[in-house]
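Both ligands and their constituent atoms are indexed starting at 1 by order of listing.
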Amino acid sequence: MSPTQRDITSLIHHPYTPPDGFAAPQLGVFKASTVYFPTVADMRQREWKDKSAYTYGLHGTPTTYSLEERLGSLEGGAQCVLVPSGLAALATVALAVLHSGDEVLLPDNAYGPNKALAEGELRHYGITHQLYDPMSPQDLASKISPRTRLVWLEAPGSVSMEFPDLAEMVRVCQARGVLCALDNTWGAGLAFKPFDLLGDAPAPGERGSLAVDISAHALTKYPSGGGDVLMGSIITHEPGLHMTIKLCHMRLGLGVAANDAETVLRSLPSIALRYKAHDQTARALAAWWQAQPQCAQLLHPAFEGSPGHVHWRSVCERTPGTGLAAGLFSVMINARYSQAQVDAFCDHLKLFKIGYSWGGPVSLVVPYDLGAMRRGWPAHLKRGTLVRFSTGLESVDDLILDLNQALQAHLPGL
Ligand SMILES: *Cc1c(COP(=O)(O)O)cnc(C)c1O
């Protein structure tokens, strides 16, 4: 017997509504493109921009609003916009605030694709860029001109891990009236608070006396924690700047999938525990590396002698012994070993997988050609082949055994 027409319609328009008051550890997943309005008048009145209502899936659902609010709290910001990747966060900031004729400044050790955006699309739109020395606030100051609209900060820099004098860099931007945006993926809202760099905010979530204007974050890393989601956030403290970014985001048609937002929401409660575990493992491995003659230089901001260690201490470790430093570090392998030997060492690792990104349960390794990434070989870095490690959540002893077997096989002792 075939169903009646009414049966089919009632599959779509069913009178049942579940009772209110469902309470459980995780929020529901709200998926929508269409959102209903009870009347046309209501449709005309609703305002989505301040999250006082829902109008369309792209403009937000209970799931995405909840994730935005929690991330805002984590980083100490007041507003948050979600985008489909960390790189989309960097690009959306640039497209929202930069106009033809403007200039953007990036540190020489910036996340590579952010430089590529400046060399590609931004240049095509008539926006110029310059690279500044990440270890010199004076160099940053000297490059700011009347055309400079935006300065990117990264702490520490991608791959080479130098920690800049973040407080001084932000002061330089403020003194010159230039927007400063931090790529806060490494700090993740845990190692330091981007909107309260001196730790003197009157209350949680309020802006301290020294704050960046924008914090962009690849949620792909620690907030996801699984190596299985791509997402980014743009957090601000000033409503006008937030609205500039939000309107650009809307016009570009950016949104995130509800299931992905829910995955990040599910991971967020454990982020502080995971971050600390990644950090402790990274420090144990970094200390091991320091004792190996194959290591010409250890690049880990929490280690004495690593470039910018004092700046890491001043921003991340106001009370001795309490600083956090993520699960990322690099080793400059002694220049007497060839790139082929270093590649073979990486290939020979079993627990460390070869792959980009970080923040998940699996330890990762990537050898980088630093010479090709920088304007010149930085004076504070020893010559050699750079290998970047990101620690997962495996046991430290097993990871050290793995490093040791590959070292013995392909980088014989000096
Ligand atoms: C990974 C990363 C990004 C980009 O994130 P995706 O989600 O992979 O696009 C941006 N900045 C930094 C510092 C990163 O490590």
Distance from atom 4 (C) of ligand 1 to nearest protein heavy atom, with residue and atom: Y111 OH, 3.3 Å
Using every non-hydrogen atom in the two residues, find where T236 and Q79 come nearest and quote the distance to one decimal. OG1-OE1, 2.6 Å
Short version for A88: what comes under 4.0 Å of ligand 1, heavy atoms counted, is neither
When R374 is tested against each of D108, D369, D133 for salt bridge (charged side-chain N to carboxylate O under 4.0 Å, His left out), which residue passes? D108
Protein residue, atom and distance nearest to atom 9 (O) of ligand 1, heavy-atom basis: L87 N, 2.9 Å
Who gets closest to atom 12 (C) of ligand 1 by heavy atom: N184, D183, L230? D183
Within-shell test, S357 vs ligand 1, heavy atom, strictly < 4.0 Å: no
Report, in ascending order of atom number, the atoms of ligand 1 lying under 4.0 Å from any heavy atom of S158. 13 (C)
Atom 1 (C) of ligand 1: nearest protein contact (heavy atom, Å): K221 NZ, 1.5 Å
Are W358 and Y222 close enough, and set up right, to give a ring-ring contact (aromatic ring centres under 6.0 Å, His included), and what steps lead you there? CA-CA 8 Å; W358 34 277; Y222 293 119; 5.4 Å; yes
Could you tell me which atoms of ligand 1, counted from 1 in the order shown, lie closer than 4.0 angstrom to a heavy atom of A218? 2 (C), 3 (C), 4 (C), 5 (O)
Taking only heavy atoms of G86 into account, list the atoms of ligand 1 that are under 4.0 Å away from them. 4 (C), 5 (O), 6 (P), 7 (O), 9 (O)
Where does the angle between the aromatic ring planes of W312 and H309 fall among parallel (under 30°), tilted (30 to 60°) and perpendicular (over 60°)? parallel
Could you tell me the separation between the NE2 atom of H249 and the CE atom of M243, rounded to the nearest 0.5 Å? 12.0 Å
Test: K51 cationic atom under 6.0 Å from Y65 six-membered ring centre, within 45° of axis: yes
If you take all heavy atoms of C346 and V365, which pair is closest and at what distance? SG-CG2, 3.9 Å
Before you tell me yes or no, could you show the steps for Q26 and E262 under side-chain hydrogen bond (donor to acceptor under 3.5 Å, both in side chains), namely the whole-Å CA-CA distance, both residues' side-chain angles and the distance that decides it to 0.1 Å? CA-CA 9 Å; Q26 297 302 329; E262 188 270 344; over 6 Å; no
One finds that the ligand 1 atoms under 4.0 Å from a non-hydrogen atom of W358 are 15 (O)
Among all protein heavy atoms, pick out the one at the shortest distance from atom 7 (O) of ligand 1; state its residue, atom name and that distance to 0.1 Å. T220 OG1, 2.5 Å
Check Y356 against ligand 1 and report side chain, backbone, both or neither, counting heavy atoms closer than 4.0 Å. neither
